[in-house]
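Okay, structure first, notes after.
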Amino acid sequence: KPIELSRVIHFLEDPLLLKELADVFKILYICAEKSKDHPEYTSVLCDLLKICRLPFLKEKTSDEVTYAQTVKESFSQMGFLMRVPNAEVRNQICHSIISVYRLHPTSLGYRVQLLEQSGLAETLVLSMALLENQPAVKLQVLQTLQMLSSSSDVNCSLILKAQGAQQICFHMNEPDPSGQVLFRSSEILWNLLERGCKEECIQPLHINCLLNGFRHYDFQLRNDLLVITTLIAENPKSPLIVSKFYLSSIVNNHTTLQSHNPLVRNLKLSYNNEDFEMKRLLLNLVVVMSKDLSALQLFKEGHVVLALLHLVKPTAAPPEGQSGPRNWTPVQQEELQLQALATLATVAPLMLDDYMICQGNTCLLLLLEWCTERDAYFGQGHSFHGTGGRGSKKAQMRYCVRLLRSMASLGNEAINQDLFDQGAISQLLVIIITEKFYSGLGHNKLILSTVDCVWSCIVGCYTTEDVFLEKEGIFLLLDLNMQNVVLGTLLELCDNPKTMSHILAWRGQKSLTTPGLLLQLWRQEEAELGVSRDLYGRISDPKKPILCYYQEEDDSQVSLPANRPSAAVMDVSENLRSKIYSVFCKLGFEALPGLSTEDYITLSIVTRYLDFKVGEVWDEISKELSLEGVRPVTPDEEALDTIAKMTEDTARRVITQQSSMLEQRDKEDVSEEKRMYTEISSNWKQQELTAQSWEHFVAKTSNYKILKETKEHQERSIDSSRPKSKHKETIFHPTQIHGLQITNFCGRLMTVESTPAHLTGGPLANTELALERVPIQGGALRKLPTATEDPEYFNTVSVK
């Protein structure tokens with residue numbers, strides 16, 4: 001009877017022991033059966049369920065294992081009690097399950113495991129069909145399912161097995177005064193997507209809440225649903241055809257475009273944070289949906305490319321003193337602009353017709369021009385796409401150039417011709433010239449990309465090659481660090497006969513020539529490859545003249561398969577020696593400017609590179625035959641031996657040639673040393689003569705006898721130098737003054753370089769003193785009138 005049961009319940013108000021659960025749930029089952037005909041048992045049933053909310057206690061540590069089966073059956077029985085039509089009973093069942101999950105002293109893993117094994121989640125999903133007229137109970141069931149699915153993959157699988165995702169989607173948009181159903185449903189769907197099987201979870205998802213929501217809470221739920229939709233759309237089997245047209249049309253909002261889709265015709269979005277997040281989520285969803293080719297037609301009908309290009313355009317600043325229309329904040333506008341560029345990089349290559357119709361090239365080139373302008377724009381650089389662009393427009397320029405590269409790399413003639421006609425090449429060149437790249441990874445990438453452009457756009461066309469040579473492009477290539485791609489480009493340009501003169505005319509640091517640079521690069525390559533050389537760069541082993549260290553290491557006792565190249569063949573493509581040899585084949589091996597003896601020694605090896613490489617290949621063939629146990633016929637064996645001997649003899653001749661070069665250099669060094677010693681000796685001899693002349697001069701001034709002897713010697717020398725025969729009519733005028741005891745040559749004409757002012761009369765007097773005569777009359781000089789007679793030069797002094 002109910003009264004007696006109430007007394008029993010009074011004694012069960014304390015928490016139950018695990019061993020008492022079986023008896024309590026038997027009572028619950030009896031009360032549930034009797035409540036069909038006797039409603040008074042309903043209150044007893046609720047009281048017992050309230051007791052089940054209390055923690056289950058254990059007397060022993062082993063009780064969890066001992067009564068595990070009992071607890072599992074009790075949880076299962078609690079789920080079956082949802083068949084009782086009373087709303088209070090159903091609410092109490094949900095409250096009890098939540099309490100069991102959260103408040104029990106038993107371990108969480110123990111409770112979760114038993115709840116999973118009981119199948120309670122599946123039972124609750126099935127019971128939702130009985131709750132059509134009980135929205136409050138349905139909300140409690142959703143809350144319980146949200147809790148069960150939050151941390152259990154098994155419960156998520158049970159919910160999906162019972163088609164819980166489909167039922168939740170069908171009922172999530174029903175009228176709900178509390179506003180909790182949509183929130184709980186979206187959380188359950190999120191848990192099912194993360195922990196359950198996505199293929200079973202993907203079902204038709206209605207998003208009409210996007211149009212009906214007006215509260216902040218509704219906007220957050222809308223964005224959560226968009227995230228869920230994105231996760232669903234990542235599956236190629238996603239049946240989102242109906243929603244795709246809606247989502248492709250909604251991208252047009254916040255632009256000048258107006259969508260005629262009835263789903264979004266009356267949709268009005270504001271500029272709050274939730275709408276901004278929605279915009280970003282939609283752009284991300286467009287990228288995800290673009291993987292499905294069926295969505296491209298819907299994008300075309302929804303004018304997605306045009307809408308993205310509108311987002312890309314920079315916002316014009318309002319006139320000074322006026323407030324412009326309401327718009328996104330600068331930070332939001334920057335993020336949308338960059339994300340739209342990233343989205344176009346995925347969508348535009350798939351929709352070339354729409355891209356050309358919307359004049360995508362023009363829009364991007366105008367954006368690129370805006371990126372190079374200097375104005376008051378200040379990039380924030382907060383978003384993922386804006387990394388490195390704070391305070392500038394570098395982020396926009398980076399994504400704009402990437403988008404142009406994606407379109408140009410398609411090889412579409414119409415797109416590339418349109419870019420060329422609009423001056424894209426000159427515009428990009430201006431950007432490259434104005435941007436400053438000095439070092440770092442970006443600088444190296446720029447150099448490699450530039451050389452690659454030379455190889456792709458210039459090499460092979462004589463017209464562009466001639467322009468490249470005229471602009472001293474060869475000099476610029478040689479100024480770069482000689483890498484593989486640079487040397488390959490230089491080799492291709494050597495097919496043009498005009499290139500040779502430019503290569504030979506180049507000079508580097510310390511008057512380094514191109515042949516010298518190539519030979520220096522050859523020595524660096526051999527040093528890195530570990531080629532055996534002696535101290536002077538000569539071949540040290542004639543049997544291995546150009547063998548690398550890794551070729552010796554690869555000289556194993558295992559035969560190589562036919563489709564694998566040998567070490568000697570791989571060496572040709574893995575280093576620069578083959579390209580250097582090819583360049584010298586174009587330049588020639590003789591009469592090269594600016595080479596030292598060390599360079600000539602290296603050049604002798606380069607000259608025989610092909611012979612040595614052929615010998616290496618034949619040597620590998622001989623070893624391969626030996627490893628496979630194949631004996632060549634006698635003529636072939638003799639030919640292999642002859643080839644090996646010829647290669648070794650060639651190496652020995654090169655060594656002899658190198659040794660003669662060193663001997664010649666030594667002789668030249670000795671000759672140069674002798675010449676230098678002779679020059680030094682001559683310099684010392686001249687210094688000795690100068691010293692003797694000075695000593696003799698000092699002796700003349702201090703010893704009269706020496707002076708007299710020197711004077712007599714001078715007179716004898718003068719007499720001996722005069723002709724002996726004289727003509728009778730010849731008048732001889734002596735030029736010497738007799739009686740002077742000096743060795744200097746003196747005459748009656750004296751030249752004074754500077755005259756005092758009191759003799760010339762000052763700066764205003766007549767300065768043509770060369771025509772005036774000043775006689776020497778024993779006293780001071782006097783100025784006399786100009787005479788008309790011939791001047792007596794030997795009796796006057798001319799002053800100037």
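By convention here, the first residue in the shown sequence is residue 1.
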Using a strict threshold of under 4.0 Å (side-chain N to carboxylate O), is an ion pair present between Asp619 and Lys543? no
Ionic contact status for Glu598 with Arg523, cut-off 4.0 Å: yes
Kindly write out the residues that satisfy ring-ring contact (aromatic ring centres under 6.0 Å, His included) with Tyr536, not counting sequence neighbours, or none if the list is empty. none
Check whether Arg652 reaches the backbone of Thr647 with its side chain - one donor and one acceptor, N or O, closer than 3.5 Å. no
Can you tell whether the side chains of Lys645 and Asp649 come within less than 4.0 Å, N to carboxylate O? yes
Side-chain atoms of residues 450-463: list all donor-acceptor pairs with protein atoms under 3.5 Å, sequence neighbours left out, distances to 0.1 Å.
residue, atom, partner, partner atom, Å
Thr450, OG1, Leu446, O, 2.6
Ser456, OG, Asp452, O, 2.9

With a cut-off of 3.5 Å and sequence neighbours excluded, list every side-chain donor-acceptor pair involving residues 419-433.
residue, atom, partner, partner atom, Å
Asp421, OD1, Gln417, NE2, 3.0
Gln422, OE1, Thr362, OG1, 3.0
Gln422, NE2, Thr362, OG1, 3.1
Gln422, NE2, Asp418, OD1, 3.2
Gln422, NE2, Asp418, OD2, 2.9
Ser426, OG, Gly423, O, 2.9
Gln427, NE2, Leu365, O, 3.0

Set of residues satisfying ring-ring contact (aromatic ring centres under 6.0 Å, His included) with respect to Phe584, sequence neighbours excluded: none
Does NZ or CZ of Arg608 fall inside the cone over Phe612's six-membered ring, less than 6.0 Å from its centre and within 45° of the axis? no
Which residues share a ring-ring contact (aromatic ring centres under 6.0 Å, His included) with Trp684, sequence neighbours left out: none
With Trp618, which residues qualify under side chain to side chain donor-acceptor pair (under 3.5 Å), at least two apart? none
Between Lys667 and Glu663, does any side-chain N to carboxylate O distance fall below 4.0 Å? no
